[in-house]
Amino acid sequence: MNYKLSALGLAALLSACGGGGSDGSAADNGASVPAGAVTVSGQVIDAPIAGAKVCLQVDGAAARDAASAAICSADTDAQGNYTLAVPRSLGSGVLTLVASKSGGIKLVSTLGTLEQVIAAAGSSGVATAANLPAARVTHFTTADFVLADSNHDGILSSAEREAYVPSVAASLGVAAVIKAVVDFNGQAGGLLGGATTDTLQLAAAAVQNKPLGTTGRTAGEWLQQSGNANIVQAVLTDLAENSGNVFVRYQYTSTVVSQNVPAPEVVFAGGMQASLYCTSPAENESEVIDIALNAQRGTAMVRVQEGGLTGYLPGDFNARTGEVQFRLVEPRSVSLSNAVTTYYSESTGTMRLKLDAQTGALTGTSTDSVTNSWTLNSITKTCTAESSIKAVKL
């Protein structure tokens, strides 16, 4: 898959392999579980978040036990682990975990219904991230919550939850601004403030394309600043390493089936000759890559290792239909500048694949384009390519 990465900027995707976190089987952090309750044992993590209190909500309201006390955990330990007792007699509705810590950190995760939690706990009476992935409260689960909350009222209804289809393209930016506050405090100046006093409000503002905190910028505008590229790369690493992904090795093959490369434009300016042209954005490829498909998160990830670094290409996976899609956009930027003119380039690539449920093979097509322009006139040159794609499990 190097053709895709090189065409759309391998350097922008490469990040040192990192991450970590537990397997979701959180240790007991001191909470006792009364009879007639199931235990939810999980972790609050971006990097592990210690000192957070995890409380349970039902349809947006605080859940309470038989003594009318709010159902909350003790503070999370150094690894972000918590334990929560959920009464089996709790009423119906959508259960949500809300993890809060001083400094404006507020993360959420939608557990589902009480029946689903009890089923995940099984005969042991304990539900962990291994059998209830939502027990892990993260920047990604928070992004999913605000994206699913289509009417933006801060309460996730059963209908909204059922209708929501996770999209990595939508969730990455939301997760990134949360991570900026939690892990990159030195770069997060102004994100919290004004109408966004905690990371949940920040995430909601990002989804609604509103200015973040006192920055005056939307999430897209804030993340496009060159100084924040490291945050985006850290979120890609989190998505690849800390979201329950299991990478499988594939033999990947792409064959160019059609392409369009227009003739160059040549002009004379300032006594010099200048040419505007483009080259095909794709070529035939055959290599071994790693792919992870995560049905629970609705994500697909490609992992490419090169020169001691690891690059991740995120995409969407619809487990219901078996459809996988990767899309990258390289915004217009200066590619070259000389005494005659300044050149600009922008590119896009979309790969659409279908999973064979029996063999695990992925087949489909890729469409790539690159557009070059300059300051001499309004002429542009766009090169396109169509490729057939196949990835077979090794």
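Values below: every heavy atom of this structure, side chains too, minus hydrogens, waters and symmetry copies.
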Original post:
With ILVMFWY side chains joined below 4.5 Å, transitively, what does Y343's cluster contain besides itself?
Top reply: V267, M272, L276, L336, V340, W374, L376, I379
Subject >> Donor-acceptor contact below 3.5 Å, side chain T197 vs main chain G194 >> reply: no
Original post:
Does V108 offer a backbone N or O that forms a donor-acceptor pair with the side chain of T141 under 3.5 Å?
Top reply: yes
**OP:** State yes or no: do I389 and V304 share one hydrophobic cluster built from I, L, V, M, F, W and Y residues joined by side-chain heavy-atom distances below 4.5 Å, directly or via other members?
**Re:** yes
Original post:
C383 versus T279: any side-chain heavy-atom pair under 4.5 Å?
Top reply: no
**OP:** Tell me, with the steps shown, if F317 and N294 meet side chain to side chain contact (heavy atoms under 4.5 Å, CB included).
**Re:** CA-CA 7 Å; F317 171 46; N294 188 321; 5.9 Å; no
Original post:
So do S171 and P166 actually touch side chain to side chain, heavy atoms under 4.5 Å?
Top reply: no
Original post:
What closest approach, in Å, do A206 and L212 show between heavy atoms, and which atom pair accounts for it?
Top reply: N-CD2, 3.9 Å
**OP:** Evaluate the side-chain proximity of D356 to T363: yes if any heavy-atom separation is below 4.5 Å, no if none is.
**Re:** no
**OP:** Check whether more than 12 heavy atoms from other residues, nucleotides or ligands sit under 6.0 Å from atom NZ of K354, and answer yes or no.
**Re:** yes
**OP:** Would you mind reporting whether M301 and L313 have side-chain heavy atoms less than 4.5 Å apart?
**Re:** no
Subject >> Side-chain donor/acceptor of T196 to backbone N/O of G213, under 3.5 Å >> reply: yes
Subject >> Residue pair V94 / S157: nearest heavy atoms and the distance that separates them >> reply: CG2-C, 4.0 Å
Original post:
Quick one: are H152 and V207 in side-chain contact, heavy atoms under 4.5 Å?
Top reply: yes
**OP:** Please tell me if the side chains of V98 and V54 come closer than 4.5 Å, counting only heavy atoms from C-beta onward.
**Re:** no
**OP:** Please report the C-alpha distance between V261 and K381 in whole Å, then the side-chain angles of each, then the deciding distance to 0.1 Å, and finally whether the side chain to side chain contact (heavy atoms under 4.5 Å, CB included) criterion is met.
**Re:** CA-CA 8 Å; V261 179; K381 293 294 177 179; over 6 Å; no
Original post:
Taking atom types as modelled, is there a side-chain donor on N377 or E265 under 3.5 Å from an acceptor on the other?
Top reply: no
Subject >> same_hphob_cluster(V248, L362) at 4.5 Å side-chain heavy-atom cutoff >> reply: yes
Original post:
Is there a path of hydrophobic side-chain contacts, each under 4.5 Å between heavy atoms of I, L, V, M, F, W or Y residues, that connects V370 with L328?
Top reply: no
Original post:
Counting N and O atoms only, with roles assigned by atom type, does the side chain of N131 sit under 3.5 Å from a partner on the main chain of T128, one being a donor and the other an acceptor?
Top reply: yes
Original post:
Should I231 and V177 be counted in the same cluster of Ile, Leu, Val, Met, Phe, Trp and Tyr side chains packed under 4.5 Å apart?
Top reply: yes
Original post:
In Å and rounded to the nearest 0.5 Å, what is the CG to NE2 distance from L202 to H139?
Top reply: 13.0 Å
Original post:
Side chains of S337 and T342: donor-acceptor distance under 3.5 Å anywhere?
Top reply: yes
Original post:
V126 and V137: same hydrophobic cluster, using ILVMFWY side-chain contacts below 4.5 Å?
Top reply: no
Original post:
Between R352 and T365, does any side-chain donor sit less than 3.5 Å from a side-chain acceptor?
Top reply: no
**OP:** Could you tell me whether the side chain of L84 reaches within less than 4.5 Å of the side chain of T39, counting heavy atoms only?
**Re:** no
Original post:
Do we see a donor-acceptor contact under 3.5 Å between the side chains of S369 and T382?
Top reply: no
Subject >> Residues, nucleotides or ligands: over 12 heavy atoms within 6.0 Å of R161 CZ >> reply: yes
Subject >> Spacing of F326 atom CZ and I291 atom CD1 [to the nearest 0.5 Å] >> reply: 6.0 Å
Original post:
Counting only N and O atoms by type, is there a donor-acceptor contact under 3.5 Å from the side chain of S73 to the main-chain atoms of Y82?
Top reply: no
Original post:
Just checking, is any N or O donor in the side chain of N284 or T255 under 3.5 Å from an acceptor N or O on the other one?
Top reply: no
Original post:
Without hydrogens or angle criteria, can the side chains of E160 and S150 be said to hold a donor-acceptor pair below 3.5 Å?
Top reply: yes
**OP:** Consider only side-chain N and O atoms of Q259 and S280, and report whether a donor and an acceptor are under 3.5 Å apart.
**Re:** yes
Original post:
Which atoms form the tightest heavy-atom contact between A135 and L111, and what is the distance?
Top reply: N-CD2, 4.1 Å
Original post:
If we only count heavy atoms from C-beta on, is the V232 to L172 side-chain gap below 4.5 Å?
Top reply: no
Original post:
Atom CD1 in I155, atom OG1 in T96: separation rounded to 0.5 Å?
Top reply: 9.5 Å
Subject >> R332 charged N/C atom sitting above Y344 aromatic ring, 6.0 Å / 45° >> reply: yes
**OP:** Count the heavy atoms belonging to other residues, nucleotides or ligands that lie under 6.0 Å from NZ of K53, then report whether that count exceeds 12.
**Re:** yes
Original post:
At their closest point, which heavy atom of A63 faces which heavy atom of V58, and how far apart are they?
Top reply: CB-CG2, 3.8 Å
Subject >> Short side-chain to backbone donor-acceptor contact, D316 and V168, under 3.5 Å >> reply: yes
**OP:** Search all heavy atoms of N372 against all heavy atoms of S345 and return the closest pair with its distance.
**Re:** OD1-OG, 2.8 Å
**OP:** Would you confirm whether N318, through its side chain, and G322, through its main-chain N or O, come within 3.5 Å as a donor-acceptor pair?
**Re:** no
Original post:
To the nearest 0.5 Å, how far apart are OG1 in T199 and CG in L192?
Top reply: 7.0 Å
**OP:** Taking all non-hydrogen atoms of both residues into account, name the closest pair between I178 and A203 and its distance.
**Re:** CD1-CB, 3.9 Å
Original post:
With no hydrogens and no angle check, is any side-chain donor or acceptor of D77 less than 3.5 Å from a backbone partner on N81?
Top reply: yes
Original post:
Distance from R327 atom CZ to M351 atom CE, nearest 0.5 Å?
Top reply: 13.0 Å
**OP:** May I ask you to decide if I49's main-chain N or O and T76's side chain share a donor-acceptor pair within less than 3.5 Å?
**Re:** yes
**OP:** Using modelled atom types only, decide if a donor and an acceptor are shared between the side chain of D149 and the backbone of G154 within a distance under 3.5 Å.
**Re:** yes
Subject >> Full working for side chain to side chain contact (heavy atoms under 4.5 Å, CB included) between R136 and Q43 >> reply: CA-CA 5 Å; R136 177 177 282 187; Q43 188 179 31; 3.5 Å; yes
Subject >> Point-to-point distance, once rounded to the nearest 0.5 Å, from CG of L114 to CG of L95 >> reply: 6.0 Å
Original post:
Stepwise, does the side chain to side chain donor-acceptor pair (under 3.5 Å) test hold for Y164 with D144?
Top reply: CA-CA 8 Å; Y164 177 61; D144 285 335; 2.7 Å; yes
**OP:** Go through the steps for T384 and D368 under the test side chain to side chain contact (heavy atoms under 4.5 Å, CB included), then give the verdict.
**Re:** CA-CA 6 Å; T384 60; D368 298 275; over 6 Å; no
Original post:
Do you see a donor-acceptor pair shorter than 3.5 Å between the side chains of S366 and E386?
Top reply: no
